[in-house]
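Both counts, for ligands and for their atoms, begin at 1 and track the order of listing.
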Amino acid sequence: MGDSDDISQLLGRGEVPPVHEHNASGGSPFLLTCDHYGRLIPRVLGDLGVSESELTRHIAWDIGIAGVAETLSKLLDAHLVAQRYSRLVIDCNRPPHVTSSIPVLSEATTIPGNEGLSREARAARRAQIFEPYHRRIDEVIDRRIAAGQPTVLVSLHSFTPVYAGIARPWHVGTLYHRDQKLPPLLLKSFGAEADLVAGDNEPYAVSDETDYTIPVHGEARGLMNSGIEIRQDLIGESSGQQQWAERLARIFGEIETALRAERMI
Ligand SMILES: [Zn+2]
């Protein structure tokens, strides 16, 4: 597929950059990230050999989370840093050395355009999509620390209601590993919502091998942090995205008050 020039020019003239930001001067202590915000594919990669119906499924992106993230960013006055290209091109929440970084199989779907990639082709995806996104998050955290602005990292995701034939009962999950401050506050708040089934590290837990944003930008930098996962059938439409953004804005507002009262931010 293409010559070496094509590989080095993964993103062509006129294609949008990977990093999308909203409310960059927001005053909230919460810094929102969204690794699986978009499902764009660089033109040079075609459709990766995957059908359009597969490219709109959860394997390509986190369905519904973009709308939640934008509205939550607005309601909280929080900076959002998001990534526009499909996780099938390169997964921005995987360490680049793991197999699932550029998956050849996602759930039960093979990704022909990811098979047998050269070292150069892998490096181009990393250099032109993965690294600009994570470099930007780094810069934002550096800038906030230098300015004395408190920073609590919240990584926004959504999960498919049924995975490999198994239905998932949770509406929302708190995902974490080493932070013992923010996740308990989130679990307490979710537990107080009478209509919610909340997952405690469900549908999956954060680990150094299966995640990147929380270990690298949250834990390694000593920031309070958590992932939030919302079930995709609840946010497939804009009304659900709005409702979930409003609910999360209320909950994060209460958590901000609690953190300030305890002088943790
Ligand atoms: Zn995700």
Proximal heteroatom of His36 relative to the Zn ion (ligand 1) (N/O/S):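 In His36, the heteroatom (N, O or S) nearest the Zn ion (ligand 1) is ND1.
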
His157 atom (N/O/S) at minimal separation from the Zn ion (ligand 1):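 For His157, the N, O or S atom at the smallest distance from the Zn ion (ligand 1) is ND1.
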
Counting backbone and side chain alike, does Asp62 bring an N/O/S atom below 2.8 Å of the Zn ion (ligand 1)?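 Yes, Asp62 qualifies, because one of its backbone or side-chain N, O or S atoms lies under 2.8 Å.
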
For Leu45, run the side-chain contact (heavy atoms from CB on, under 4.5 Å) check against Asn114, Leu88, Leu10 and tell me which one passes.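 With Leu45 as partner, side-chain contact (heavy atoms from CB on, under 4.5 Å) holds for just one option, Leu10.
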
Evaluate the ring planes of His217 and His134, with Trp represented by its six-membered ring, and classify them as parallel (under 30°), tilted (30 to 60°) or perpendicular (over 60°).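 Parallel.
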
Would you sort out whether Ser207 and Thr210 count as a side-chain hydrogen bond (donor to acceptor under 3.5 Å, both in side chains), showing the intermediate values? CA-CA 5 Å; Ser207 77; Thr210 56; 2.6 Å; yes

Residue among Arg136, Arg126, Arg125 satisfying salt bridge (charged side-chain N to carboxylate O under 4.0 Å, His left out) with Glu131: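 By the salt bridge (charged side-chain N to carboxylate O under 4.0 Å, His left out) criterion, Glu131 pairs with just one of Arg136, Arg126, Arg125: Arg126.
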
